[in-house]
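Just so it is clear, the model here is predicted, and its values are computed rather than measured.
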Amino acid sequence: MKRLGLVRTLKGTILFLAAMAVLCYVKIFPDAIVEMGRQSADVSWLVTPGVIAVSVSAIPIAIALGLFWMICTEVGRDNSFCYKNAKLLSGIGFCALIDTGYCAVGTVTLELLAGGPVWLLGIGVCVVGLAIALAAFLLSHLVLKAADLKAENDLTI
């Protein structure tokens, strides 16, 4: 795949992920929380705080998608291995860690307040978030090393 095709595919994937996130955070998650409140009177008082708490978790996701868009723009400029991309990948890693920590705190809080089988889903989300963070930090390190090699080669020519 040529560079331009790769960038278009990646940016299309980002737009698709953003659309899915909007769908989840606007329709699916709030509806599920409201339904849980209807099914159990014990947790009905958690509906509004739950919708707000889940909505806040969308912020790091939106930031990470924006950072990834910027990386794709640099790749499109044939500037894949640069210090900027390494920094942007670190930013994605930090967004993943923040969202993972927020999810862990929310899962524990919900377990303490309401009980129920939400902890299993929370653990799964936390594991995926940690995997994304680790991958982003590893890629950041590798891009940084490649940028150093590129800068060294540029000086020798």
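Residue Trp69 holds its CH2 atom at 4.5 Å from CG of Leu15, rounded to the nearest 0.5 Å. Taken to the nearest 0.5 Å, the CG atom of Leu149 stands 8.5 Å off from the NZ atom of Lys145. Here Ser90 contributes atom OG and His141 contributes atom NE2; the two are 11.0 Å apart, rounded to the nearest 0.5 Å. Here the CG atom belonging to Leu139 is positioned 12.5 Å from the CG atom belonging to Leu88, to the nearest 0.5 angstrom. Residue Asp78 holds its CG atom at 6.0 Å from OG of Ser80, rounded to the nearest 0.5 Å.
Linking ILVMFWY residues whenever their side-chain heavy atoms come closer than 4.5 Å, directly or via other members, leaves Ile132 and Leu138 in distinct clusters. A continuous path of ILVMFWY side-chain contacts below 4.5 Å connects Leu6 to Val143, so both sit in one hydrophobic cluster. Put simply, Phe29 and Val47 are part of the same group of oily side chains (I, L, V, M, F, W, Y) that touch within less than 4.5 Å, one to the next. Under a hydrophobic clustering in which Ile, Leu, Val, Met, Phe, Trp and Tyr are joined whenever their side-chain heavy atoms come within less than 4.5 Å, directly or via other members, Val51 and Ile28 fall into the same cluster. Criterion: ILVMFWY side-chain heavy atoms under 4.5 Å apart, direct or through other members. Under it, Leu67 and Leu17 are part of a common hydrophobic cluster.
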Side chains of residues 93-110: which donor-acceptor partners sit under 3.5 Å, not counting sequence neighbours?
unit_1: Thr100; atom_1: OG1; unit_2: Ala96; atom_2: O; d: 2.7
unit_1: Tyr102; atom_1: OH; unit_2: Ala53; atom_2: O; d: 2.9
unit_1: Thr107; atom_1: OG1; unit_2: Cys103; atom_2: O; d: 2.8
unit_1: Thr109; atom_1: OG1; unit_2: Val105; atom_2: O; d: 2.7

In a table with atom names and distances, give each donor-acceptor pair under 3.5 Å that connects a side chain of residues 59-66 to protein atoms at least two apart or in another chain.
none

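Between Leu10 and Phe68, the closest side-chain pair of non-hydrogen atoms falls below 4.5 Å. A 4.5 Å side-chain heavy-atom check between Phe137 and Leu142 finds every atom pair outside the cut-off.
Annotation for Arg8: atom CZ does not count as buried by contact number, only 12 or fewer foreign heavy atoms lying within 6.0 Å. Within 6.0 Å of NZ on Lys87 lie no more than 12 heavy atoms contributed by other residues, nucleotides or ligands.
Taking the side chain to side chain contact (heavy atoms under 4.5 Å, CB included) definition, one finds that Lys27 meets it with Leu23, Asp31, sequence neighbours left out.
In this structure, Ser140 contributes its side chain and Ala136 its backbone to no donor-acceptor pair below 3.5 Å. The main-chain N or O of Gly37 is never found under 3.5 Å from a side-chain atom of Ser40 such that the two would form a donor-acceptor pair.
Closest approach of Phe81 and Ala146 over heavy atoms only: CD2-CB, 3.5 Å. The nearest pair of heavy atoms linking Tyr25 to Ser55 is CD2-CA, 4.3 Å. When all heavy atoms of Ile71 and Asn85 are compared, the closest pair comes out as CA-OD1, 3.7 Å. Closest approach of Ile14 and Cys72 over heavy atoms only: CD1-SG, 3.9 Å.
With no hydrogens or angles considered, a side-chain donor-acceptor pair links Glu74 and Asn79 at under 3.5 Å.
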Checklist entry - Does the pair Thr73 and Lys11 meet the rule for a side-chain contact (heavy atoms from CB on, under 4.5 Å), with working shown? => result CA-CA 9 Å; Thr73 301; Lys11 286 186 174 183; 3.2 Å; yes
